[in-house]
Amino acid sequence: MGRRESLGTGLLVASMVFMFLLAALLAFYLSEPASSFPDCGPPPLPGCWSAPDAFRIFLFHVPLAWTAYLSFGIVFVASVAYLRTRDLRWDTLAMASAEIGVVFVTLALLTGSIWNRAELGVYWRWEDGRLFATFVLWTVYIAYVALHTGTRDVQEARLSAVFGIFAFATVPVSYLSQFFFSSLHISIRPTFPAETWPTLAVGVVAFTLFFLYLLHWRLRIDALEFRLVGIKETMEGSA
Amino acid sequence: MSDMVYLYAALTVALVGLFGYLVYLHRRQSRVQSEVARLEALVNHDRK
């Protein structure tokens with residue numbers, strides 16, 4: 001087994017260990033009464049949950065969102081590195097990370113909407129600054145992935161890198177929007193039960209490792225596709 | 001327990017989404033691998 005295969009297997013095993021630990025902790029929470037998540041009437045009262053059982057969505061919604069932010073951070077770093085070095089491997093890394101990030105942010109938006117419905121009675125509120133900023137982030141990275149497909153040349157890679165750098169501006173805007181705009185996003189509520197933090201930490205580690213495994217796998221597929229292009233060019237050259 | 005349905009719905013969405021992406025990656029890898037193997041066999045055959 002080569003080093004790359006060993007790394008992939010190691011990441012898969014480590015992420016699965018943490019995923020099972022997260023599943024076990026979630027199962028424990030499901031068997032517990034929601035007494036530590038006080039239900040004290042209609043929202044949005046600080047420290048109260050109108051849907052205390054649905055509060056547990058938080059335990060995987062936040063890791064999904066964190067992983068999406070991490071992946072877009074990698075897009076930013078790889079885009080800067082590409083512009084400095086002109087090495088197409090950075091461009092490949094940026095694309096792979098953006099694609100996985102779009103999957104994670106889509107799932108974060110969907111799980112957040114379901115939680116919103118449970119807590120506030122509606123799936124989506126366009127006037128909510130946090131939701132709107134995250135929707136903008138989602139569309140920007142969808143556009144990045146859509147524009148970044150097919151055969152790459154240096155000009156396209158440079159444009160993608162510039163796009164990847166500017167697109168990253170949506171990440172801090174999405175995170176900080178809850179402090180600057182009107183938002184009913186859960187994170188502005190001051191109290192989280194203390195016993196949820198270890199589970200949240202396990203979730204963050206599990207999803208980060210799983211993201212690294214997916215990134216490793218995605219880069220191996222890219223390497224195979226480059227090999228395919230090379231074989232085709234060789235065949236055309238000898239024809 | 002009435003809001004447990006939202007928890008299960010969100011959990012299902014997350015699991016289906018992640019599993020769907022795994023299936024997508026697996027299918028993409030299989031397609032490229034078989035194409036590489038086919039073309040390499042063709043190149044080796046031409047060399048002989």
Side-chain angles (χ1 to χ4, degrees), chain A residues 19 23 26 29-30 33-34 37 39 49-61 63-64 67 96 99-100 102-104 106-119 123 207 210-211 213-214 217-218 220-232 234-235 238-239, chain B:
Chain A
M19 283 288 184
L26 273 173
Y29 273 120
L30 293 179
F37 310 103
D39 177 2
W49 308 98
S50 57
D53 286 311
F55 170 81
R56 290 144 178 163
I57 293 172
F58 165 81
L59 298 171
F60 51 93
H61 167 75
L64 282 167
T67 314
E99 183 184 290
I100 301 168
V102 165
V103 172
F104 277 87
T106 303
L107 295 177
L109 279 171
L110 289 172
T111 54
S113 295
I114 293 169
W115 189 11
N116 221 37
R117 175 71 175 79
E119 270 293 319
Y123 285 103
F207 277 84
F210 190 58
F211 161 73
Y213 167 69
L214 290 176
W217 187 4
R218 181 66 178 70
R220 286 189 64 193
I221 295 173
D222 273 324
L224 266 176
E225 286 175 343
F226 276 119
R227 196 165 137 201
L228 186 62
V229 170
I231 295 170
K232 283 179 178 173
T234 305
M235 290 175 79
S238 60
Chain B
M1 293 292 284
S2 61
D3 54 308
M4 284 294 265
V5 67
Y6 294 108
L7 173 62
Y8 289 127
L11 201 53
T12 303
V13 164
L15 290 176
V16 168
L18 291 176
F19 186 72
Y21 187 62
L22 287 175
V23 170
Y24 163 75
L25 284 183
H26 177 72
R27 291 181 67 168
R28 185 169 167 180
Q29 185 180 26
S30 301
R31 183 176 50 78
V32 180
Q33 264 176 339
S34 63
E35 183 70 1
V36 166
R38 188 182 70 80
L39 291 181
E40 279 181 343
L42 211 61
V43 169
N44 290 337
H45 183 264
D46 286 349
R47 279 182 187 157
K48 284 176 188 173

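Here is the naming used below: chain letters follow the sequence lines, and residue numbers restart at 1 for every chain.
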So which part of B:Leu42 gets closer than 4.5 Å to some heavy atom of chain A, the side chain, the backbone, both or neither? side chain
Side chain, backbone, both or neither: which part of A:Leu224 has an atom under 4.5 Å from a heavy atom of chain B? both
To the closest 0.5 Å, what do you measure between OH (B:Tyr8) and CZ (A:Arg56)? 8.5 Å
Taking side chain to side chain contact (heavy atoms under 4.5 Å, CB included) as the definition, give me every residue that meets it alongside B:Ala10, ordered by chain and number, with sequence neighbours left out. A:Ile57, A:Phe60, A:Thr111, A:Ile114
In this structure, CD of B:Glu40 is separated from CG of A:Leu228 (nearest 0.5 Å) by 9.5 Å
Using non-hydrogen atoms only, which part of A:Phe207 is less than 4.5 Å away from chain B: side chain, backbone, both, or neither? side chain
Student check: side-chain heavy atoms of A:Phe210 and B:Leu18 closer than 4.5 Å: yes
Verify, without hydrogens or angle tests, whether B:Asp3 (side chain) and A:Ala54 (backbone) share a donor-acceptor contact under 3.5 angstrom. yes
Approximate separation, where rounding is to 0.5 Å, of A:Leu59 CG and B:Leu11 CG: 10.5 Å
Partners passing salt bridge (Lys or Arg N to Asp or Glu O under 4.0 Å) against B:Arg28 (at least two apart in sequence or in another chain): A:Glu99, A:Glu225
With A:Ile221, the side chain to side chain contact (heavy atoms under 4.5 Å, CB included) member among B:Arg31, B:Gln29, B:His26: B:Gln29
